[in-house]
Amino acid sequence: MSFFATIESFDNYDFDHFFSQVDADQVRRALDKDTLNEQDFLTLLSPAGASLLEPMARKAHQLTVQYFGRTIQLFIPLYISNYCNNECVYCGFNRRHGIKRRKLTLEQIEAEARAISATGMQHLLLLTGEATDITPMDYLEDAVRLLKNYFASVAIEMFPMEEEQYQRLKTAGVDGLTLYQEIYDRHRYAELHKAGRKTDYQFRLDAPERGARAGFRMVNIGALMGLGEVRREAFFSGLHARYLSDKYLQTDISISLPRFNPAEGDYTPRHHADDKTFVQFLTALRCFLPRAGITVSTRESADFRNHLIRLGATRFSAGSCTGVGGYAEMEENDTPQFEITDRRTVAQVVQAIKDHGYQPVYKDWDWIE
Ligand code: SF4
């Protein structure tokens with residue numbers, strides 16, 4: 001059994017017809033429920049839901065405080081290689097782009113770790129492109145073992161792996177996995193991922209399950225907003241998160257709604273979720289999944305992230321760099337994977353969280369040997 005069966009079950013579903021007949025009363029009724037089913041969730045995501053943002057925001061806030069308190073957990077990304085054998089048309093690291101390629105040595109990784117820990121950050125997200133000939137498993141394991149000396153938590157955002165590979169990284173010290181499907185519409189997926197192992201839609205779709213089975217304590221999923229029709233993508237992201245939460249009770253499932261930002265290659269997305277729509281999706285997700293973490297990255301602006309503190313977000317990246325290294329050193333001509341928008345330092349993000357009456361959490365977990 002795979003989430004793929006759920007995706008297939010909606011193959012002939014007429015989303016446009018459903019959205020066209022939803023009215024404000026139906027949105028209110030869905031919002032009044034303690035437990036929302038799939039149809040209630042889709043109702044909150046509908047265009048009619050946009051007219052009830054205030055009650056949705058109130059409920060999202062109340063549920064978030066109930067399950068998470070007034071806290072925002074912090075993490076920081078570290079890219080250790082931008083080699084990649086895939087051709088994702090929207091990504092700066094696409095193998096066809098003539099960018100400068102680089103892979104950090106263990107000494108360089110340690111220098112980055114020192115620079116990051118000086119900011120106080122304790123939860124690290126480790127990233128690479130997909131080029132297993134250049135960044136093989138033993139390199140990744142060595143990097144993780146080294147980084148565990150500096151951080152309470154090391155999560156990964158890499159290419160999808162087999163369960164046995166995830167187990168090796170867990171043994172080395174990885175405790176969390178972020179893996180975005182990018183786009184749940186599998187026909188459009190094929191158009192956007194032109195070559196390399198990433199062309200395998202279902203292998204990617206099932207990777208969060210393999211990570212949960214391998215024993216990661218946290219699995220974070222989502223879709224890159226802009227690649228597909230945004231309401232459907234938000235819907236399938238939420239269904240995927242609920243599927244994983246129901247099946248892997250020992251794993252904390254969290255979700256992100258990363259919005260497309262420009263990257264090398266100048267890809268223009270077909271779709272867009274404006275700020276109001278983004279808030280609608282985020283608050284709908286909170287009502288559908290009261291206990292799921294919701295991550296908002298520095299793709300979003302400082303002002304907008306400040307607003308989201310009270311609307312259901314529970315995890316922020318801060319002080320981020322999306323090029324290789326970048327904390328201890330960034331080489332001239334280094335190209336980021338995508339442009340970030342919130343360029344505040346860690347200290348500035350922490351202050352903003354406190355100014356909103358919330359507690360910034362540098363560390364909520366530790367590895368027990
Ligand atoms: S999105 Fe990931 S897999 Fe695709 S080109 Fe970029 S780094 Fe490679």
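Order of listing sets the numbers, starting from 1, for every ligand and every atom in it. What's counted below: heavy atoms across the whole structure, side chains too, no hydrogens, waters or symmetry copies.
Among all protein heavy atoms, the one lying closest to atom 1 (S) of ligand 1 is K198 NZ, 3.4 Å. In this structure, atom 7 (S) of ligand 1 lies nearest to the protein heavy atom Q337 NE2, 3.6 Å. In terms of protein heavy atoms, atom 3 (S) of ligand 1 is closest to N86 ND2, 3.3 Å.
Relative ring orientation between F15 and F19 is described as tilted, the plane-to-plane angle lying within the 30° to 60° band. Between F3 and Y243, the ring-plane angle classifies as tilted under the 30° and 60° cut-offs.
Taking 2.8 Å as the threshold, C84 does not count as a candidate ligand of atom 4 (Fe) of ligand 1, since none of its N, O or S atoms lies below it.
If you check each of A195, C88, P160 against atom 4 (Fe) of ligand 1, the one with the closest non-hydrogen atom is C88.
Every atom of ligand 1 with a heavy atom of N94 under 4.0 Å away is listed here by number and element: 5 (S). For ligand 1, the atoms closer than 4.0 angstrom to any heavy atom of C91 are 1 (S), 5 (S), 6 (Fe), 7 (S).
Using a cutoff of 4.0 Å between basic side-chain nitrogens and carboxylate oxygens, R305 and E300 are not scored as salt-bridged.
Checked against the 6.0 Å centroid criterion, the rings of H272 and F278 do not qualify as a close aromatic pair.
None of D185, D16, D14 except one satisfies the salt bridge (Lys or Arg N to Asp or Glu O under 4.0 Å) rule with R232; the exception is D16.
Distance alone, capped at 3.5 Å, places no donor-acceptor pair between the R188 side chain and the G228 backbone.
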